4 protein chains.
Amino acid sequence: MNHIYPRKPPVKERKDARVQKTRAALRDALLALLEERPFDAITIRDLAARAGAGYATFFRHYPDKGSLLADLAADEISALLALALPILDEADTHAACVALCSYVDARRHLWSVLLTGGAAGNLREEFIRQAHQIAAARPTPDESAWLPKEVAVVFGVSGTVEILAWWLQHGRDHSLEQVAQILDRLVIAPILRG
Amino acid sequence: MNHIYPRKPPVKERKDARVQKTRAALRDALLALLEERPFDAITIRDLAARAGAGYATFFRHYPDKGSLLADLAADEISALLALALPILDEADTHAACVALCSYVDARRHLWSVLLTGGAAGNLREEFIRQAHQIAAARPTPDESAWLPKEVAVVFGVSGTVEILAWWLQHGRDHSLEQVAQILDRLVIAPILRG
Amino acid sequence: MNHIYPRKPPVKERKDARVQKTRAALRDALLALLEERPFDAITIRDLAARAGAGYATFFRHYPDKGSLLADLAADEISALLALALPILDEADTHAACVALCSYVDARRHLWSVLLTGGAAGNLREEFIRQAHQIAAARPTPDESAWLPKEVAVVFGVSGTVEILAWWLQHGRDHSLEQVAQILDRLVIAPILRG
Amino acid sequence: MNHIYPRKPPVKERKDARVQKTRAALRDALLALLEERPFDAITIRDLAARAGAGYATFFRHYPDKGSLLADLAADEISALLALALPILDEADTHAACVALCSYVDARRHLWSVLLTGGAAGNLREEFIRQAHQIAAARPTPDESAWLPKEVAVVFGVSGTVEILAWWLQHGRDHSLEQVAQILDRLVIAPILRG
DNA sequence: CTCTAATCGAGACGGTACGTCGCGTCTTACG
DNA sequence: CGTAAGACGCGACGTACCGTCTCGATTAGAG
């Protein structure tokens, strides 16, 4: 998969094997616990215990819970946004929506936990936050008179996230094709064509 | 996360004057503190101190922080949703959007704190939660083949909240009329007409 | 007993009853634990648990373990020193030694724990420390040419403590009278008469 | 408290030169640090850093901090006790006291750190401990009716240590001759002649 | 206009999680 | 291929806040 979608390059993987193992264990522990209860109800002691690591060991890798979540999610969020934002510039928005949904579908379990698990709220906030940054940096080619860029970005991201969360929560009741169409008609088209 | 869920049972409004005063002081304290820092960073001790009340006194009125927020927000949220949902059934959606924006504008300070202050995330979640409940209970008059009711409601609410939050955060740069138009074209129209 | 030996006057006992109870429980817990293991091997968690108090409660009363020990011991030490130092000024040193031993005997259990239990080392150090302070403040009436005041005080206190510790450790094998005689001949006489 | 008790089994002195060097560095580091702060406030990491050795290296030489202190002090203590105990059996006690003081004076810096530095308390305890052992093993030639052997030994050692500590702490204000006299009149004579 | 009960402030208390530190073991990778 | 560097499990530290509780001191509003 990594050859299709832009992932973090494997540079600087020059780390102690124990460190890698411990971090992976902590990330897995967080994912597992997020399926059972809200992010804020998960204690660092829970995470360490679930990961089979010592309590203090957690802090040797992350300064706090949020950083662990960020380590899990930030790259994924960036990747998704990198895939989503350009949709607005494409000619064939439907195809772009399908690509987006395919990406999520390929990592369905991870995204399912992130968007419908106990950290859904935090993730949504992080999405919006990153989107704001991107919106500020993004060129403004064809600013509509009626739709400020900021609103477009925030609304687009928020709507997309909400639709994806709904899809992930309802299993396979709806085809990728359907969801892509909803995304296109509900989020993309209105932004582009009012 | 401090969910807002459990609504306080219908309080008898016939109360000691001291009680009324204390509750008002606590609510004001929360609003004031939400302008400075996130909801989760506000402690009950902070609230009591700011309200000029004793620490234990807080618990004589609310079982926890979330209940105080609920006392502040739940009615407002219900009122706003009661105003927003029927938009989809109206003929003149634009007029309905103007009505919605007028309502928010009339209570601009409160809504500004709620949607852009330290409890923005909690509020958004509560909106979505109430929207889900409404969606489940709502009759399904003209279920489009392509757009499941659940998505429509969640997307509609989420988009509306996002647009209102943006409006409240940017002061008076944009007229009520403009915002109503954005709301209509970006959220309402796509749901109704695809 | 309190009418015989100078105890802390009951002034300022104007405190919350709960506070008194908790502190007494903590002091008793320390005494009990000192009979089983060294002071440094006793954790604050042990103390709180033994006292039936919450861990954090300990810190509401004492900043650390040492302060609890001081609360137990400082007054006792002061009282003993107040009784011991004047011996050097008395005409009948033997009678004064008997008085000192009687005082210790009347509080035999407490002193037994303090001088032979797990805090013996700390107590000895505290004795020497207080003795140094007293030596510095004490007038130097008849400074012998051969014996500096400082040495006299430190040696006197140290020797006395050692003899008392031995006595307390060996139960009633030796009479109060015998110990007083040893104290007089081994510590007091040499200081006074070289 | 870090007792010094368990003596290292008779180390074979035939060792790698690097081992000798590392141990010397660690001992020097301990001595240096004892001049700045109490023994218990010195961490193994401090010692290793000061000695220019790796943290784990410490444990290849000593099982814990106390053992390093023992390695420094135990031989010195034994030597001093071997010199001190026989004083009671000598005819010319004054000469013996002079010999004792000379021995300490010859190693003044080391003893100064040991008896007045951060490990003074530990050292005192170790002295008493070894003295107790010696007292138990020592024949009882002329047990006085009034002075049990145990008291004599403990008192003698304790008094001697205290006097030496005072001497070492006050530099050269007092001559070796004076101190020997004090020792003889304050400690030895009373034990022998009551 | 009193008197009685509700309400209040103050804060001690048992808990629980935090983030830090040091120990002593064990692993890794460098020189 | 031996050793330094340091990650690790462990567990105590002292801090903060929670929600419960007792304690007197107001003070409201019913009689």
Side-chain angles (χ1 to χ4, degrees), chain A residues 14-23 25 40-49 51-65, chain B residues 2 14-23 25 40-49 51-65 67, chain C residues 15-23 25 40-49 51-65, chain D residues 2 16 18-19 22 40-49 51-60 62-67:
Chain A
R14 295 268 304 91
K15 277 285 208 170
D16 195 319
R18 289 169 297 176
V19 172
Q20 301 302 326
K21 212 178 83 179
T22 301
R23 293 198 177 170
D40 291 335
I42 297 171
T43 73
I44 292 179
R45 282 179 161 81
D46 292 337
L47 287 165
Y55 170 64
T57 298
F58 179 92
F59 299 96
R60 294 195 182 100
H61 298 280
Y62 302 100
D64 51 45
K65 252 189 322 177
Chain B
N2 292 285
R14 285 277 301 98
K15 278 284 199 172
D16 192 320
R18 290 170 293 180
V19 172
Q20 302 301 327
K21 210 179 83 179
T22 301
R23 292 198 178 171
D40 290 334
I42 297 171
T43 73
I44 292 180
R45 283 180 163 81
D46 292 336
L47 288 164
Y55 170 63
T57 300
F58 179 93
F59 298 97
R60 295 191 186 103
H61 298 280
Y62 303 100
D64 51 44
K65 250 192 321 178
S67 298
Chain C
K15 278 284 208 167
D16 194 318
R18 291 170 295 176
V19 172
Q20 301 302 324
K21 212 178 82 178
T22 300
R23 293 199 176 168
D40 291 334
I42 298 171
T43 72
I44 292 179
R45 283 179 162 81
D46 292 337
L47 286 166
Y55 170 64
T57 298
F58 180 92
F59 298 97
R60 293 191 185 101
H61 298 281
Y62 303 101
D64 51 44
K65 250 190 322 176
Chain D
N2 292 284
D16 194 319
R18 289 169 298 178
V19 171
T22 301
D40 291 335
I42 298 171
T43 74
I44 293 180
R45 282 180 164 83
D46 292 336
L47 288 165
Y55 170 65
T57 301
F58 179 93
F59 297 97
R60 288 191 200 100
Y62 303 100
D64 51 44
K65 249 191 323 178
S67 298

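Below, read A as the first sequence line, B as the second, and so on, with proteins coming before strands; counting in each chain starts at 1. Computed from a prediction, not measured in an experiment: that's the story for all the values here.
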Q: Expressed as a whole number of angstroms, how long is the span from B:Y62:OH to E:dC8:P?
A: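 One finds 11 Å between P of E:dC8 and OH of B:Y62, rounded.
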Q: Contacts to DNA chain F from residues 41-49 of chain D, heavy-atom cutoff under 4.0 Å, which residues?
A: none
Q: Is there a side-chain polar atom (N or O) of A:H61 under 4.0 Å from OP1 or OP2 of F:dC8?
A: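 So the side-chain polar atoms of A:H61 do come within 4.0 Å of the phosphate oxygens OP1 or OP2 of F:dC8, strictly under.
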Q: In whole angstrom, what separates A:R18's CZ from F:dC8's C1'?
A: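 Taking CZ of A:R18 and C1' of F:dC8, I get 7 Å after rounding.
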Q: Want to settle it: does B:A53 or C:G54 sit nearer the 5' end of DNA chain E, counting the closest nucleotide to each?
A: B:A53
Q: Without decimals, in angstroms, what is the distance between A:F58 CZ and E:dT20 P?
A: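 About 11 Å, once rounded to whole Å.
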Q: Ignoring backbone atoms, establish whether A:T22 has a side-chain N or O less than 4.0 Å from OP1 or OP2 of F:dA7.
A: no
Q: With side chains defined as the heavy atoms from C-beta onward, is the minimum distance between C:V19 and C:R60 less than 4.5 Å?
A: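 No, too far: nothing below the 4.5 Å cut-off.
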Q: Looking only at heavy atoms, which two atoms of C:A48 and C:G54 are closest? And how far apart?
A: CB-O, 3.7 Å
Q: Taking all non-hydrogen atoms of both residues into account, name the closest pair between C:T22 and C:H61 and its distance.
A: CG2-NE2, 3.6 Å
Q: Nearest 0.5 angstrom please: B:R18 CZ to B:T57 OG1, how far?
A: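 One finds 11.0 Å between CZ of B:R18 and OG1 of B:T57.
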Q: Here's a test of your reading of the structure: between B:A51 and A:P63, which maps to the more 5' nucleotide of DNA chain E?
A: B:A51
Q: Pick base, sugar-phosphate or nothing for B:G52, based on heavy-atom distances below 4.0 Å to the nucleic acid.
A: sugar-phosphate
Q: Can you give me the closest heavy-atom contact between A:F58 and A:L47, atom names plus distance?
A: CE1-CD1, 4.0 Å
Q: Starting from P on F:dC17, measure out to CG on B:D64 and report it in whole angstrom.
A: 17 Å
Q: Take atom CG of B:D16 and atom C1' of F:dG29, then tell me their distance rounded to the nearest Å.
A: 8 Å
Q: Want to settle it: does D:T57 or A:R60 sit nearer the 5' end of DNA chain F, counting the closest nucleotide to each?
A: D:T57
Q: Taking atom P of F:dA28 as reference, at what distance in whole Å does atom NZ of B:K21 sit?
A: 8 Å
Q: How many Å lie between CZ on A:F59 and P on F:dA7, as a whole number?
A: 16 Å
Q: Compare all side-chain heavy atoms of A:Y62 with those of A:I44 and state whether any distance is below 4.5 angstrom.
A: no
Q: Is it the case that E:dG19 (base atoms only) and A:Y55 (side chain only) share a donor and an acceptor within less than 3.5 Å, ignoring hydrogens and angles?
A: yes
Q: How many whole angstroms separate atom CG of A:D40 from atom P of F:dC17?
A: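 After rounding, the gap between these two atoms is 16 Å.
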Q: Where do A:A51 and A:A25 come nearest, in terms of heavy atoms and distance?
A: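 Looking at all heavy atoms of both residues, the shortest contact is CB-O, 3.5 Å.
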